[in-house]
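Here is the structure we will look at, set down as C-alpha cells.
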Amino acid sequence: MILAEGWIFSLLLLGATSASGERALKQSTSRIRMGQRPPSAFAGHDATTCNITCTMGQVNADCDACMCEDHVLHGMVSLPDGAPATEAAIYLQSKKMKLLTRSDRKGKFWIPGVCPDGKNILKIKQAKYATATITVPKSSKRLSTINVHLKRAGKPYVVKNPVDKARRVGQSVALCCDAVGDPSPNQYIWYHNGTLLDSSVYKYDSKLVLKNVKANQAGEYFCKASNDAGAVKSQPAKLSVIAKHEAACNPRPHSYLIRLPHDCFQNATNSFYYDVGKCPAKTCAGKLEKGLRCRDSVAYCCGVSKMEMREILCSGYTLPTKVAMECDCKKCTETKVTVRGRAIAADNGEPMRFGHIYMGNTRLSMTGYKGTFSIHIPADTERLVLTFVDRLQKFVNTTKVLPFKEKGGAVFHEIKLLRKKAPVTLESAATNMIPLGDMVGDDPIAELEIPPNTFYRQNGELYTGKVKASVTFLDPRNVSTASATQSDLSYINEEGDMFPLRTYGMFSVDFTDERGTESLNAGEVKVHLDAAQVKMPGHLKKMKLWSLNPETGLWEEEGDFRLEKSRRHKREERTFLVGNMEIKERRLFNLDVPESRRCYVKVRAYRSERFLPSEQIEGVVVSVINMEPQAGFATNPRAWGRFDSVVTGPNGACLPAFCDNQNPDAYSAYILASLGGEELEAVPSSPKLNPNAIGVPQPYLNKLNYQRTDHEDANVKKTAFRISMAKPQPNTADESNGPIYAYTNLRECEEAPHSAAHFRFYRVEGGEYDYNTVPFNEDDPMSWTEDYLAWWPKPTEFRACYIKVKINGPQEVNIRSRNMGGTHPYTVGQLYGIRDVGSIRDIDQPNLSTACLEFKCSGMLYDQDRVDRTLVRISPQGSCYRESVNSMLHEYLVNHLPMAVNNDSSEYTMVAPLDPLGHNYGIYTVTDQDPRIAKEIALGRCFDGTSDGSSRVMKSNIGIALTFNCAERNAAQQGLFQSLRNLAQQSPLGLQRDRARLRRQ
C-alpha cells in the first residue's frame, strides 16, 4: 500500500487493464473506505475549522480536497509522437501539491477516490515535457477516463524585443517585451544598464512604464522572461533622454562625399568628390501621441530639414546638386524589409526547385525553378528563422537564421543544402550500427547504435519488420560543407543569455517503414563519439547532445555523454563518449560544446579600392568559418567548428568568432563577403602586406597572421582571408582599437569610427556610374529625401528602367544618359541625375559591343500629384552617329506625345515612356521594394534581351532599342574622356600626379 497524506492506494490498481484487474479493483474498493482514515484520525479534526463544502463525496482528513470512495479515475499519458509516457508523475493540485501515482510502462494509471465534480485539478509532469493541467470531468458514473497528451517543454523565446526610444526630461515612456514558451512565461523582470529594477517600485510585468523620466534614466533596458523550463533575455533597447529645450537632433549635417562624373575633377579638393552632407537617421524625440504604447505609432528620426542647390563646375558644363544644410527631427522614412536568395545543393549547386519555405508552422513562400526566392519580412520580426523543405526529398530539411536589414532594404542569401544520404535497410529486431562521418582515410567521428525492438509507429505501437534509414551527417572535417550548417549554432543558457556552440558534427535522421510511407520513431538510441576526434582541451567534459528547435532556430540540450572504453578490434581499445537519445518529433541533432571564448571582428565593405567612408556598402553578407587548428600546426586547420553570418550596416558589421587570449593560434577563421550573390574581393596579402590597405596597423596585423586565400596560389579565388583569432590584450595600446574586440565590447565595436582598425572587402569596379542631383544611398532607404528632383519618387517602391544600346565599331565606348524633367512644371529642364556605362564587346563579333543603360522612369513624383515624362538624352563617347532606332519604340513615342526633337545625330533624345513596354521595344522596366533588386532584375533582362529571363552574359543582337556607329580611335592615343574615367578609378593619393601628366600630353 502507498500512503500519501490522507490518500490510500492499492498496488492492485496500478496498471490494472484486464478484466481480472478490474475485478480486483472492485474488491479492493469494497474492502477499503477510500479517502478516509481510521476513526481515531478523524476524532481530533474540528469540522468547524474546515471551510470546504463538498457537492460530491466527503472532505478528506487534511481538509484540502473532496473524496469519493466509490469512484475510480482511469488515465492514459502519451508523448507528442503518440508513444506512452512512462513514469509520468500525477499530482493533485491543492494547498500543497500531492503525488498520487505514476504511469506504468504503457503510460496508464488508476486513481481511486478522486471526485468527478468538475473541480479537482490534476498536474502531470514528465522530464523534458511541459506540465499538463487537466480537470477531472464531471460525471455520475463510478468509472471515469481521461487521456493526457504531453507537449515538449519549451524554454521562453522572445518574440518582441523592446525598441529604441527618445524622450525629453519629464515625459513618459513604455518599453515592452513579449516571450512565448510551453508553459507560457510566468515572470518578467527588467534591467537598466545591467542592474535589476525593483519590481515593487516600478510595478512592471512584460511592460515597463517610466513616468516623468530623468536624464539619469537614459541607457539600455532589457527584460528577462522565465517559465518552468528556463529563462531568456531580450535584446537591449536604448532610451535617449534630452533636456526639455535641447535640440532633438544635431542641426549640423555629417560630412558625406559623393563621387562626381569622370569629367568633373575638382581643383579645390584635388579629387572627384564633393561633400553634400548627411543627417544620420537615428531615433529622436518627436511629437508624442496620447497613451503609452509599446511602439510609438509615429516613429521619428533625424533627417534633412533644409537643402541648398549648388552648381558644380565640370568639363564644359555645370552639374547641379542639392546639399544638406540643416537636420531636424522628422517622421522616419517608411521602408520595407526583404530577404531574397537562392537555395542550392552544397555539393554541385543543383537548385531546390519549388521547395516550401516555412516560418514556424506557417508556409511563407516557395522557391522557383532555379531555386530563387523572395520574402517580405513581416513587421516586428526580431529573428528570422526559415526552414527550407524539399518536396522531392532530395535534400535535408534545412533551418536557417538569416540576418536582414532592420531599417529597410533587401539582403541576398545563398542557402546551401545537404543532399540526403541514400537510405539503408535495417532489421528492427537486430542491433544496428550507423557510422557518422565518411572522410576518406579517416575514421568516423561517431556511430549510432540502435538496439533491437527500438522502432515504433506514430501511434506508439512497436514496429517489426524492415526499416529504411537515411542518416545524413555534416562532417566538420570537410570545410566545403560549413555553409550548409543548420541554424546559427546558438543556445540559451540558464541565465537567459544566448551563447554559441562549437560543433563536432550534426546529423539528420529519417526512419520509415519498408515501403517508405510511414515515418518511424526510435527510442533508446546510443551515440558513440570517438574521443580521439575531440582535439581541443577540456571539450571532452563539456560535450553534450543537442536537438534543433525549428521554430526558434535554437539548439536545446538532449543529454550528456559519459566516457566508456570499448574494444572495436582485437588489439585496439578506444575511448568513446556515449550518450542516449530518443528520435521522435525532432530529427536534427548536434554533437556540440558550449564555447565561452568569444570575440567580435570588425569588417567593412566598399564600392572600390579607395576605401572611402562614403563608399561603404550596406546589405553585404559577411560570413566567418571558425577553424580548429591541428596541434602544432596553426596554419593547417583540421576542422571547422562554427559558421556565422552578419549583414553590414552604415558602420560596417561586427562578426562573432571564437578567440583565445593565451594562444593566438588556438582558433583561426576564414572570413568572406558577398552582395547579391556576388563575392567581394579581400585586400591582398602578397607579395607584401600593406597595413594601410588592409585596414589594420602593425604590429597587431602580424600577430593576426592575415592571409588572403590566394596568398600561396594565385589560381585560388581572392574572395576570402584567413586570420588567427588573437584576443586583444587589455593593456596593449596597439590592440585596443580593433579590429578584434572582446565579446563584452560589442557596443564599442558597433560604434567604432571609420579611423579605427577594421578588415576590408571591396567590389571590383565596372564601367557604370550613378549620379543623383538629390543624394541617395541605395543601400540605405532611410537616406531618402522628399524632393521633386529625387531619382526615386517613393522609398517603398522603386522602379528601374534600362534601354539597350548597340555600338557598331571596334572599340568599347562609354555611354551616358542625362535625365531631366520633361513635362512636370516643377522639374521641367532640371536635372534628376546622370548614368554612365561602358559597352561590352561581343566575344564572337569584334566590331560589336552592347550596353544596358539606366534612365529615370517616367511617372509620379514624390507628392503623387502629377506625372512627369522624363526627358532622356543618350550620348555615346567619341565620334559616333545614330544608325537606327527600334521601329516599335519610335512608333510608341510618336503616338504618345510630346515627341522630343532629335536634330543631333550623335545622340538620341526621348520623352521616356510611361508604360513598362518590354524587350520588343528595347526597354526593360522592373518595380520592386528595393532599388538594387529592381535594377538587378531589369539589368538581367536587358542582358538577356527578354522580358522575363535573366542573364549575366550580354546578348548583343537581341532586344535592341538604339544602334550607334562609332569610328575607330587611334589605339596609341587615349582620349581625355577615357583618361579621366580611368583617373577616377585610382586612389585619391595619386590623382594630382596623374592629372599633371595628362595636362602635359
Side-chain angles (χ1 to χ4, degrees), residues 156-181 183-227 231-250 280-303 305 327-337 377-383 406-408 496 747 782:
Y157 175 64
V158 175
V159 293
K160 181 187 293 183
N161 286 296
V163 297
D164 292 350
K165 293 189 176 182
R167 293 291 185 269
R168 296 186 181 276
V169 170
Q171 293 181 330
S172 299
V173 65
L175 299 171
C176 307
C177 78
D178 188 23
V180 296
S184 297
N186 53 17
Q187 183 187 44
Y188 288 87
I189 56 178
W190 285 86
Y191 294 80
H192 175 220
N193 291 336
T195 301
L196 176 65
L197 296 176
D198 189 343
S199 60
S200 64
V201 174
Y202 291 91
K203 310 294 183 185
Y204 56 67
D205 45 22
S206 62
K207 184 177 183 179
L208 171 67
V209 175
L210 303 175
K211 296 183 177 180
N212 190 26
V213 295
K214 301 175 178 59
N216 62 1
Q217 289 181 292
E220 288 189 343
Y221 290 82
F222 67 87
C223 83
K224 181 178 178 180
S226 306
N227 68 2
V232 65
K233 293 177 182 176
S234 72
Q235 293 295 318
K238 184 178 181 180
L239 175 63
S240 301
V241 181
I242 61 175
K244 290 184 178 180
H245 303 294
E246 183 181 349
C249 298
N250 182 355
K282 67 177 185 178
T283 303
C284 58
K287 295 180 181 179
L288 293 182
E289 69 275 17
K290 294 181 180 179
L292 293 171
R293 302 174 183 269
C294 295
R295 184 182 290 270
D296 295 338
S297 58
V298 178
Y300 287 87
C301 301
C302 294
S305 59
C327 304
D328 201 356
C329 193
K330 306 176 67 177
K331 291 181 180 179
C332 297
T333 301
E334 182 183 353
T335 61
K336 293 184 179 180
V337 182
I377 308 303
D380 299 332
T381 299
E382 306 288 351
R383 178 177 161 92
E406 296 179 1
K407 292 187 177 181
R747 179 73 68 176
M782 297 287 285

Looking at every non-hydrogen atom in both residues, tell me the closest pair between [X] and [Y] and how far apart they are.
X    : Y    : result
A285 : I242 : CB-CD1, 4.3 Å
I189 : Y204 : CA-CE1, 3.5 Å
C332 : M782 : CB-CE, 4.1 Å
Q217 : L210 : NE2-CD2, 4.0 Å
P156 : N227 : CD-OD1, 3.2 Å

(message) Does anything in residues 157-177 form a side chain to side chain donor-acceptor pair (under 3.5 Å)? List the pairs, not counting sequence neighbours.
(response) N161-E382, R167-D296

(request) May I ask you to decide if S200's main-chain N or O and K203's side chain share a donor-acceptor pair within less than 3.5 Å? (result) yes

(message) Between W190 (side chain only) and D198 (backbone N and O only), is there a donor and an acceptor less than 3.5 Å apart?
(response) no

In the structure I gave you, are the side-chain heavy atoms of [X] and [Y] within less than 4.5 Å of one another anywhere?
X    : Y    : result
Y300 : K331 : yes
Y221 : L197 : yes
T381 : V337 : no

(message) Can you tell me how far apart NZ (K282) and NZ (K407) are? Round to the nearest 0.5 Å.
(response) 10.5 Å

Does the distance from [X] SG to [Y] SG come in under 2.5 Å?
X    : Y    : answer
C249 : C284 : no
C223 : C177 : yes
C327 : C302 : no

(request) Return the set of residues passing ring-ring contact (aromatic ring centres under 6.0 Å, His included) with F222 (not counting sequence neighbours), or none when no residue passes. (result) Y191

(request) Please step through disulfide bond (SG atoms under 2.5 Å apart) for the pair C301 and C329, ending with a clear verdict. (result) CA-CA 6 Å; C301 301; C329 193; over 6 Å; no

